[in-house]
Asker: 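Shown below is the structure under consideration.
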Number of protein chains: 2
Amino acid sequence: MTPTVPLRSRKAQIDRTATALFRARGFAATSMRELATELGLEAGSLYSHIKSKEEILHRVCFGLAEDFFTDFAVATADASTPVAEKLRQAIEGHVRVLTRDSAASAVFLHEWRHLSEPARTEFLSLRDRYEGSFRALIARGIAVGELHAPDTAFATLTLLASLNWLPSWYRPDGKLTPDEIAHRLAEQLLGGLLTNK
Amino acid sequence: MTPTVPLRSRKAQIDRTATALFRARGFAATSMRELATELGLEAGSLYSHIKSKEEILHRVCFGLAEDFFTDFAVATADASTPVAEKLRQAIEGHVRVLTRDSAASAVFLHEWRHLSEPARTEFLSLRDRYEGSFRALIARGIAVGELHAPDTAFATLTLLASLNWLPSWYRPDGKLTPDEIAHRLAEQLLGGLLTNK
DNA sequence: TTTGTTTGCTAACGAGCGTTAGCAAGTATA
DNA sequence: TATACTTGCTAACGCTCGTTAGCAAACAAA
């Protein structure tokens, strides 16, 4: 009755379950025995599939970072698109990544601090680069007159802050679909930035 | 040379130092031995002043909750003040609490999950009540035509999200004073909400 | 001078931690 | 049939955790 071929590799199952636990309790407060129990295993058995607890965290954090970069690149690829429209698509892309796996997103946003060096520094520089891409987009939008904001840095910070708050309240079984959320957030946040509104 | 009367009670010193460590490493990843070392003590000595590790977290979280409520009440007390102006003052009050002790604020925002029941539930209901106050203010502003937003709930969430991101980047020795930050944030965030702008 | 409070120490408790070694069964490939 | 990979177990390692008991010095209030 139980399928002999698992739907996902054991390693992927461990990652998923660990991500959910890391989100719910935090990385440090999640024990390998807890994780094993959740999977119906003994603690030691986990190490047939992974090298360490931190390895899981590393994979989640850097995997999601890659997702964010990919979606941003797609959203801003076309040179003929107006900046404001690029920003809208970047916002929607960001929201899409956040909603696709909100547990992993929450871990990405909050648990990276438990990475040890040099991964921690490497992660932070990726995050800075990503934020920089948004800031550059907004700055260019202001330069060409499509957007306006009293302070570019503040505008960028508040924009990303609003987006990144999403995993704290998003529920996959909620009333709004990810696309609707992405659209409303873009509406709300671009609304304060557009020159002609 | 060393003062016989400490500037703060030992208990308050423990709270302050613990708050800084909780912010930097997270509650679960901070050990009592680490905290004791930071204070030049042995681990066991801490227990002459406090009952438990969680007691410190409890004091920080609920102490700050009180601060938020107090400042909000002051900002919205005068019945003759226009709603938009009340909201501006509530925003500035919120920022004032966040900047007054950004370490405690970060703990308040992120470490409350490590409170055990029933404190955890109690804390969450306080937080919900506070968010509800902001939502009610915005809703009233929309009702009387001073504000506009496509979605009240979204407007509230993005507003508070932007504000609560502050402890992540605020540095007391930065270029901007807390008042300047409060003013700019209010400007930026009200800008998207005001009807006539 | 007595009493109580504040402060801090040493030593240890039971428990849980992440991780490893060694073994074994099942499955897939050759 | 032989080989190798996947999967999982038991048992234990050294270590750290939060916390407690018991003692003692310093100091303030009576």
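Quick note: numbers below take in every heavy atom, side chains included, and nothing from hydrogens, waters or symmetry partners. Since the structure is predicted, the reported quantities are computational estimates derived from the model, not experimental observations. Convention: sequence-line order gives letters A, B, ...; per-chain numbering from 1.
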Asker: For F72(B) and H94(B), I'd like to know if the aromatic rings sit close, meaning centre-to-centre distance below 6.0 Å.
Answerer: no

Asker: Take atom CZ of F27(A) and atom P of dC17(C), then tell me their distance rounded to the nearest Å.
Answerer: 13 Å

Asker: What integer distance in Å separates I14(A):CD1 from dG18(C):P?
Answerer: 14 Å

Asker: Please give, in whole Å, the distance from dG8(C) C1' to L39(B) CG?
Answerer: 12 Å

Asker: Quiz question: going by heavy-atom distance under 3.5 Å, is there a donor-acceptor pair between the base of dG18(C) and the side chain of R33(A)?
Answerer: yes

Asker: Just call it for S48(A): base, sugar-phosphate, or nothing, with non-hydrogen atoms closer than 4.0 Å on any strand.
Answerer: base

Asker: With sequence neighbours left out, write down each residue that passes ring-ring contact (aromatic ring centres under 6.0 Å, His included) with F154(A), or none if nothing qualifies.
Answerer: W169(B)

Asker: ring-ring contact (aromatic ring centres under 6.0 Å, His included) with F108(A): which of F22(A), F62(A), F123(A)?
Answerer: F123(A)

Asker: Write down the distance between CG (L21(B)) and P (dG18(D)), rounded to a whole number of angstrom.
Answerer: 12 Å

Asker: Measure from NZ on K53(B) to C1' on dC17(D) and round the result to the nearest Å.
Answerer: 8 Å

Asker: Does a side-chain N or O from H49(A) land closer than 4.0 Å to OP1 or OP2 of dT7(D), or not?
Answerer: yes

Asker: Donor-acceptor pair, E117(A) side chain versus T121(A) backbone, under 3.5 Å?
Answerer: yes

Asker: Between Q13(A) (CD) and dG8(D) (P), how many Å, whole number?
Answerer: 8 Å

Asker: Provide, to the nearest angstrom, the distance between the CE atom belonging to M32(A) and the C1' atom belonging to dG16(C).
Answerer: 14 Å

Asker: When you get a sec, tell me which of dT10(D), dT19(D), dC17(D) is the closest nucleotide to the side chain of E42(A)?
Answerer: dT10(D)

Asker: Round to the nearest Å and state the distance from K51(B) atom NZ to dT19(D) atom P.
Answerer: 12 Å

Asker: Between Y47(B) and dT19(D), is there a contact of a side-chain N or O with OP1 or OP2 at under 4.0 Å?
Answerer: yes

